[in-house]
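Below is one structure; the comments refer to it alone.
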Amino acid sequence: MPYLGSEETVKELKRALSNPNVQSDRLRYRNVILRVIRFMTQGLDMAPLFMEMVKASATVDIVQKKLVYLFMCSYATLKPDLALLAINTLLKDCADPNPMVRGLALRNMCNLRMPGISEYIQQPILSGLRDKASYVRRAAVLGCAKMQNLQPDAEIDGAVVNELYGLLRDQDPVVMVNCLRALEEILKKEGGVVINKPIAHHLLNRMKDLDVWGQSEVLTFLLRYRPRCHSELFDILNLLDNFLGSSHSGVVAATTRLFLSLGAALPAVQSGALERARGPLLAACTAQSRELRFVALCHVQQVLRSLPGHFGAHYKKFFCSYSEPNYIKFRKMEILVELVNDENVGTVLEELRGYCTDVSPELAQAAIFAIGRIGQTYSEKCLSILTGLLELKQEQITSAVVQTFRDLVWLCPQCSESVCASIAGCEEHIQDSEGKQALVWLLGVHGEQIPGAPYVLEEFIDALKTEQSPAVKLELLTATVRLFLSRPAETQDMLGRLLTFCIEEECDMSVRDRALFCYRLLQCGVEEAHRVLGGPKSDPSLGVIAGRPEEPINSWAGDFNTLAPVYSREDWAALTATTGGSPSLIPQATAGAAQADPGSAEEAEAASSAAAAAAAPSPPGPGEELCLLSGPPLSPELFERHWLALEPSRRVSLGWPGGDCLPETLQAALQLVNIQALALSRPHARPWKAYLYAHSLGTVVLAELLRDTDAGGLQVTVKQDPEREEALSSFLTVLKTVMQTLGNSSSSLSSHV
Amino acid sequence: MIGGLFIYNHKGEVLISRVYRDDIGRNAVDAFRVNVIHARQQVRSPVTNIARTSFFHVKRSNIWLAAVTKQNVNAAMVFEFLYKMCDVMTAYFGKISEENIKNNFVLIYELLDEILDFGYPQNSETGALKTFITQQGIKSQTKEEQSQITSQVTGQIGWRREGIKYRRNELFLDVLESVNLLMSPQGSQVLSAHVSGRVVMKSYLSGMPECKFGMNDKIVIDKQGKGTADETSKSSGKQSIAIDDCTFHQCVRLSKFDSERSISFIPPDGEYELMRYRTTKDIILPFRVIPLVREVGRTKLEVKVVIKSNFKPSLLAQKIEVRIPTPLNTSGVQVICMKGKAKYKASENAIVWKIKRMAGMKESQISAEIELLPTNDKKKWARPPISMNFEVPFAPSGLKVRYLKVFEPKLNYSDHDVIKWVRYIGRSGIYETRCTCTPLYEILLCWDQAASSMDSPVLGSGCILLYEILLCWDQAASFMDSPVLGSGCILLYEILLEVPPKPTAPRFSV
């Protein structure tokens, strides 16, 4: 409607606006202007009325003025020549005795986006900066930023910048914050506003006068400031401590971020700050408004990346409520998986099972996958739940469960028996290709344990003509050949049919190629085919490597309270791509500074004493002394590649430090002597494994710790690239010392108890 | 900073659009409509990234509010801002609806102009904004008013203007709480419960009064208890509550709260929220819902829901509404309830049971027979939880206002001259009880049947007694005079929960 017939309306309004009778009646005049604005909002082009509207700006009626200003700001870019006519009125208003009129005029004049306006607004802005009413000063300060924005290439006016730095001492808090904002924009090319010691202290002292928006922005600006000494740092922390208890979640998050950044080199400060922020963060997770809840959950996830146990005691807070939107439920499930431990595993699984039958198929699938992830550690309980779900005989559920089974079997070989027992009959309820692929894979790899495997595959082969997805066909080919190798008598006939069909009738090239490949492979003989296709059926060590290592807090502290945790990684990458490496507000945390992950005081103490002991018994000659360096970190992929490529240099057996030695303690202790732990199993997992690496004398030492049974000691396998004997032996010495000291401290601890 | 702010109706038509920064183009308005409002699937996330621009949206009834930005802003602040914007609009013209927005769009533009400048929040306190918003004002201001603006805007206290005078100094204090509960299907285990409360104050006080607010906060009471005799701390220990976390209006002096835990402030004029708090311990759950669901064959479902009020008999709960979800393939429902009115609403797939009033320590019951259409759809019914709404005249967290003192040294009125009103309202937040067929229920059913089919009246009445006990086992356990009987109840209950009975043949050998 609005786009059609707008000409008539414009004409009519034009007539009404220029009618002297209307002009003389204030109310009628205003009503006509109201209509103009209303049409403008609806998307009609009201630009032809510009002339009449400019005339209407010459009035004493503030409401009318505001309306006209709104109109002018919207259309000034289209009619720059006419807009200049309005400037006289605006300039006159800038000198009005009423501060509100002055502020209004100044603000709107700066809002007119058109070339050449800057020469008119310069003078009013400068006088506005010295106005006695703070309302005008607020507008003037931001006006400086707008002016700079209009002509980004213009040189920065030093006088204005100085004036703005001076106005940081203004008694009105909003003027002060606006100054920071304006300086930040004006000095964007030079790296933004400079926060030196006097400014930082001034800002800190004014914090309590600010409104919440100001507080959270000032806290962000303070990220730039680096305190000179520890006492100053702690003064700042104490001063800002109150703001962690603010009612405004934005302020809480900004304070936490500042604390994390200030404590970049002090792990104790960081963990203390997160400890203090836990309450408010949890409160935000149960807030009334769902959007805030969502944002808080995203941040909880971020904290969990470094401190997996941080919210362990509060896992019930992350149970989903029925009425919550899916985006919150997804996040909560992801968090629940992270929080599972020996005590709560039963309750969490029970809860997740409830979600598996949710009406939304995506949610149900996500819940099943979540159970699967927990199953990598607590396989028995999860298997019984998943098997129970199969009995519901629903398509998406069965499909998701089978996919979970496939991943579980690959990671935990001990599950394979019960999985094989339970998947019989599933094929009737699987319709989607993902589920089919998983089922076919299971049938192929574990076919000898599933009595009906050939018959199920036969059904798939018979239905091949109607099968749409090439991925399923590919999987079917491999699986059938595999099954043929283990149960040739039952499979031979159908394999022949499958290969004939795929080679002669199939249109998809990749499927045909795979079929030809299988055919030729079989021609080479059974032995050869077995060697190619009969690879390992599971890889439990992958679970350890795939298990995400704990990241140091500093790796995400800079992104806390920005959009990064809220977006998925792809979205975030897309967003940062344009901004050209978003102008990060804080300098990159120095590499290697305080990577240690502090646990409780007790653990830290144990760790440090272990490190001290490791350093103490070093040989007297400084030349021989081993210096393990905190070199560049290895990514898990790189580590894996190295590990597979190298031959073991040495195998040693060490004593286990003590019954209740926690992985965190071990990790912290190792980090103190610059041995990095890439991945560690959960505390009571058997076999328990850990992968370590260290840089020393130009070589990289890789090590695997393995503990099979509770009674047995620790098997250490060390690999090295390039070979260097002394580095190797000293690495082992350091490792041994750490283990011994840990054993001593943990036994002394237990004797204390 | 915020680049632009848009308001849409449910169809995606733009009601208000205001762009603050040049980097937000005109097509941003349409991008959000196409990608989010008109999107087929459910909303994926409240923050959407379209063409490297971030859209933050909030929905109020069927109105969408969206803030747009290209910068890397902090999400919590943008959402808080949108909520604030909603609050301000509600304060000016009531409920946020399409009608109201269309009628007040000039006012909204005016508000947007004052609240944000160049995308930066400037002034968002409703009270302080009133000076600048001139919706009604045609007359140009007098000298006096002009000076008032100046003094207010430059004054130290941003939230209160000077020179306020009232003939009657009055104070209204509302403690508004919402109880959130998630109960396990067994009806015994609280999965999660918390109270989020607000203390809202309406002050009509002259001058610049200094107020001091006290409540039965455990830390304060314990501190005082130490000073006096032990006995008082013991007796008051029961009444005090532990507040998990609380947050205050800007006017409260936080430093004083941290050191002495006293809440002192100069209040803004008019209505505002003094504090917000949350408790999780010792919550009085005003109602307990005991659902019993039984599937009788494939096409019939028997539902019995008992609600029990759990507060002082002299108090009255109001506006009670229990919503019992029914399966999607329901064909008919027969409802019998002792109290209130119950109706099956096919459009909402629920039986809605409304009771106007209910006194404390009462119980009421509804039973329904749900006829189902036979379907070959194997999909199981998701069994949404039974939800409940109510309003009670006390604070479920146990919070009590102990005092509110007003000091105004300059004007001649004292604390006694101020008329103070205190009111407690407890409302239900998300108050849900999950329901599934439970072992306990099977037992109850067995007993129910057993009682009616038993030949021996003694055995029959024994069954009925047990049935009654189980229904209120927790109360029975606590009210039993004899500790032996009380613990017996609990024991029995636990045993029954542990051992699932065979549903077919009731096995009794009492």
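Within every chain, numbering begins at 1; the chains are lettered A, B, ... in the order of the sequence lines, protein sequences first and strands thereafter.
Contacts between B:T48 and chain A at a heavy-atom distance below 4.5 Å involve the backbone alone (N, CA, C, O). Proximity to chain A is limited to the side chain of B:M1, based on heavy atoms less than 4.5 angstrom apart. In this structure, no portion of B:D244 lies under 4.5 Å from any heavy atom of chain A. Only the backbone of B:L15 comes within contact range of chain A, with heavy atoms under 4.5 Å apart. Only the side chain of B:D245 comes within contact range of chain A, with at least one heavy atom under 4.5 Å from a heavy atom of that chain. Contacts of B:H249 with chain A are absent, with no heavy-atom separation under 4.5 Å from either backbone or side chain. B:Q122 touches chain A through backbone and side chain together, each having a heavy atom under 4.5 Å away. Heavy-atom distances place the side chain of B:F105, and not its backbone, under 4.5 Å from chain A. Looking at B:K84, only its side chain comes within 4.5 Å of chain A, counting heavy atoms on both sides. Neither the backbone nor the side chain of A:R331 comes within contact range of chain B, judged by heavy atoms closer than 4.5 Å. Of the two parts of B:S196, only the side chain, counted from C-beta on, holds a non-hydrogen atom closer than 4.5 Å to a non-hydrogen atom of chain A. Of the two parts of B:R21, the backbone and the side chain both hold a non-hydrogen atom closer than 4.5 Å to a non-hydrogen atom of chain A. With a 4.5 Å cut-off on non-hydrogen atoms, B:R278 touches chain A through its side chain but not through its backbone. With a 4.5 Å cut-off on non-hydrogen atoms, B:Y20 touches chain A through its backbone but not through its side chain. The contact between A:K317 and chain B is made entirely by side chain atoms (from C-beta outward), counting heavy-atom distances below 4.5 Å.
Tested against B:F248 for a side-chain contact (heavy atoms from CB on, under 4.5 Å), the candidates B:R253, B:R276, B:E273, B:M275 yield a single pass: B:M275.
Counting heavy-atom pairs closer than 4.5 Å to chain B, the top-ranked of the candidates A:V174, A:V177, A:L70, A:V566 is A:L70. Looking only at heavy-atom pairs under 4.5 Å with chain B, the residue among A:A145, A:G214, A:P325 that has the most is A:A145. For the set A:A253, A:A139, A:S321, A:G143, the entry with the most heavy-atom pairs within less than 4.5 Å of chain B is A:S321.
Relative orientation of the A:W213 and B:F81 rings is perpendicular, given thresholds of 30° and 60° on the angle between their planes.
In the model, A:E291 has a side-chain atom that pairs as donor or acceptor with a side-chain atom of B:Y83 under 3.5 Å.
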